[in-house]
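Contents: one structure, followed by commentary.
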Amino acid sequence: MASRHPRFSPWLSASLALLLGIALPGASRAAMPPAVDGQAMPSLAPMLEHVTPAVVNISSKTRVQVRNPYFDDPVFRQFFGLPAVPRERVEQSLGSGVVVDAAKGYILTNNHVVGGADDITVTLQGGRTYKAKLVGTDPDTDVAVIQIHAPGLQALPLADSSKLRVGDFVVAVGEPFGLSETVTSGIVSALGRSGLGQNSSGTGGFQNFIQTDASINPGNSGGALVNLRGQLVGINTMIFSPSGGNVGIGFAIPSNLAAEVMQQLIAHGKVQRGTLGLQSQDITPRIARLLNLAQDQGVVVTGVNAGSPAEQAGLQPGDVLTAIDGKPLRDVNELRNTEGLLPVGSTVKLGVLHDGKTREVSAVLRPEKIASLAGASLDPRLAGVTFNELSESQRSQGMYGVAVGAVQPNSRAAAAGLSEGDVVIGVGNQRITGLRMLRQLAGVRPRQLVLVVADAEGTHYVLIQ
């Protein structure tokens, strides 16, 4: 009679014992044996010998303007004879990075590790340190690229992260808590995670994370998530934890996404994203009843921009988008993620419900045309500042105001603490909804130019002299 218990190979038995902490017959509980039934115990050491030299420590310093309602008041400063000298503090950040191009010295990391930094230092295995150049950052995906010029660099090959499966073994390598060359192992717990709250841009960004139970802790950010072949499958970026430490729920940016962003950052210094050129809204049970829909999943089109890819595809307000690239479309967040994560020029196939009939249309993602305005045309105190209309993606998240596109380092605005990426939501006590309103209010030329600014840290006032 055949046995009801499956038979395991010596290697698999040893692997299970190693993972579960079970002592095999004849093995000491104090140490694992070097071999079982003549088979050498499996080890990740040979693979890691090639991986760890490519994972670096990153230290960054950022000078931040210190705001104080009294010292920012010119009347208060004049009364007490205080100089109008910008006050600042230096913030330090520690993280990790991955060398992906040894010849050119390109290193992948997270935006929240190096974004906005004034000084970046990279430490290699063995202790060599180099000053790094910031090539570009993308807050919406939390990806950044820096560059060093150093001999003898070792790079990690990139894997095709689309081939990952839940249950695949992965290894996280980084510098948690400043502990160099720390390695932890686990599996891929889930794929395609999104809707995980705000990222380093202060918004939801574009999310398509790998979830893993390999331990990820502070300082691991920007480090490598590799497969058992030593290939890069992800960039560790964040954890979910009520305590701030690892609880077995960590997230990494897929290598395919990181590579696409990296190529654009190296080529252009920024990421150019495409759009369908439509406005949309989640289908709630109430909207489903109004539209006589059988289900409350999907997205209803509320507006179509003239000349946009959506208009060329024949979409109209009232159409219901039910699928995207063959997959059911659940909500606006999924649609926005697809637009943000696909390269410009990609063709998107949309399932459309119109007048009770289902059809499929194709649309090509094109760059969004965003109006901009030079600050000097509004007020001499705003010279050196460029203001942009918010993108459709930002407005879809309920944001309003105008975005600060660029700030010249030696301008009055820079001295006052205005930074690229800030969103101006008011001038004085007047709310700003767009460039048109900003032009009207700034044209008044108030004696004190006070901007209400929103950034990742919250809302504050910026007084420009």
Side-chain angles (χ1 to χ4, degrees), residues 61-91 93 111-112 115-118 137 139 198-204 370-391 394-395 397-465:
K61 294 180 181 180
T62 306
R63 295 177 181 85
V64 180
Q65 295 289 331
V66 177
R67 300 182 179 93
N68 183 291
Y70 297 108
F71 285 89
D72 288 343
D73 187 339
V75 177
F76 182 90
R77 290 202 310 271
Q78 183 178 10
F79 183 81
F80 286 98
L82 299 174
V85 178
R87 288 156 292 107
E88 62 183 23
R89 69 176 186 272
V90 177
E91 294 183 348
S93 175
N111 170 72
H112 74 260
D118 299 297
T137 67
Q198 292 188 348
N199 64 3
S200 58
S201 68
T203 70
I370 298 179
S372 63
L373 187 66
S377 67
L378 303 172
D379 190 298
R381 289 166 289 187
L382 293 173
V385 182
T386 302
F387 296 101
N388 300 326
E389 290 283 15
L390 296 184
S391 66
Q394 289 172 309
R395 294 190 182 280
Q397 299 177 76
M399 298 176 65
Y400 66 93
V402 296
V404 178
V407 181
Q408 291 182 1
N410 298 324
S411 63
R412 295 182 186 181
L418 196 66
S419 302
E420 181 179 350
D422 287 347
V423 176
V424 177
I425 60 175
V427 175
N429 59 356
Q430 298 293 318
R431 175 172 169 170
I432 295 294
T433 58
L435 287 180
R436 181 179 179 182
M437 184 171 289
L438 177 64
R439 185 183 290 107
Q440 292 173 348
L441 290 177
V444 177
R445 302 286 174 87
R447 184 174 64 87
Q448 287 191 339
L449 183 57
V450 180
L451 306 181
V452 185
V453 174
D455 59 18
E457 298 180 357
T459 304
H460 59 270
Y461 290 99
V462 173
L463 174 63
I464 302 179
Q465 302 290 347

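Since this is a predicted model, take the numbers as computed values, not measurements.
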CD1-CE distance between Ile425 and Met399, expressed to the nearest 0.5 angstrom: 9.5 Å

Minimum heavy-atom distance Ser372-Asn388, with the two atoms named: CB-OD1, 3.0 Å

Atom of Val427, atom of Leu438 and distance for their closest heavy-atom approach: CG2-CD1, 3.8 Å

Nearest-0.5 Å distance, CD of residue Glu420 to OG1 of residue Thr137: 8.0 Å

Atom of Ser419, atom of Val407 and distance for their closest heavy-atom approach: C-CG2, 4.0 Å

Ser411 (side chain) donor-acceptor with Ala414 (main chain) under 3.5 angstrom: yes

Test item: Leu451 and Tyr461 side chains (from C-beta on) under 4.5 Å apart, heavy atoms: no

Between CG on residue Leu373 and CZ on residue Arg436, distance to nearest 0.5 Å: 13.5 Å

Steps toward side chain to side chain contact (heavy atoms under 4.5 Å, CB included) verdict (Met437, Val402): CA-CA 10 Å; Met437 184 171 289; Val402 296; over 6 Å; no

Derivation of the side chain to side chain contact (heavy atoms under 4.5 Å, CB included) call for Leu378 and Arg439: CA-CA 6 Å; Leu378 303 172; Arg439 185 183 290 107; 3.9 Å; yes

Glu389 side chain to Leu435 backbone, donor-acceptor under 3.5 Å: yes

Atom of Tyr400, atom of Val423 and distance for their closest heavy-atom approach: O-CG1, 3.5 Å

Rounded distance [0.5 Å steps], CD1 in Ile464 versus CG in Leu449: 5.0 Å

Exercise: identify the closest heavy-atom pair between Val404 and Val385: CG1-CG1, 4.1 Å

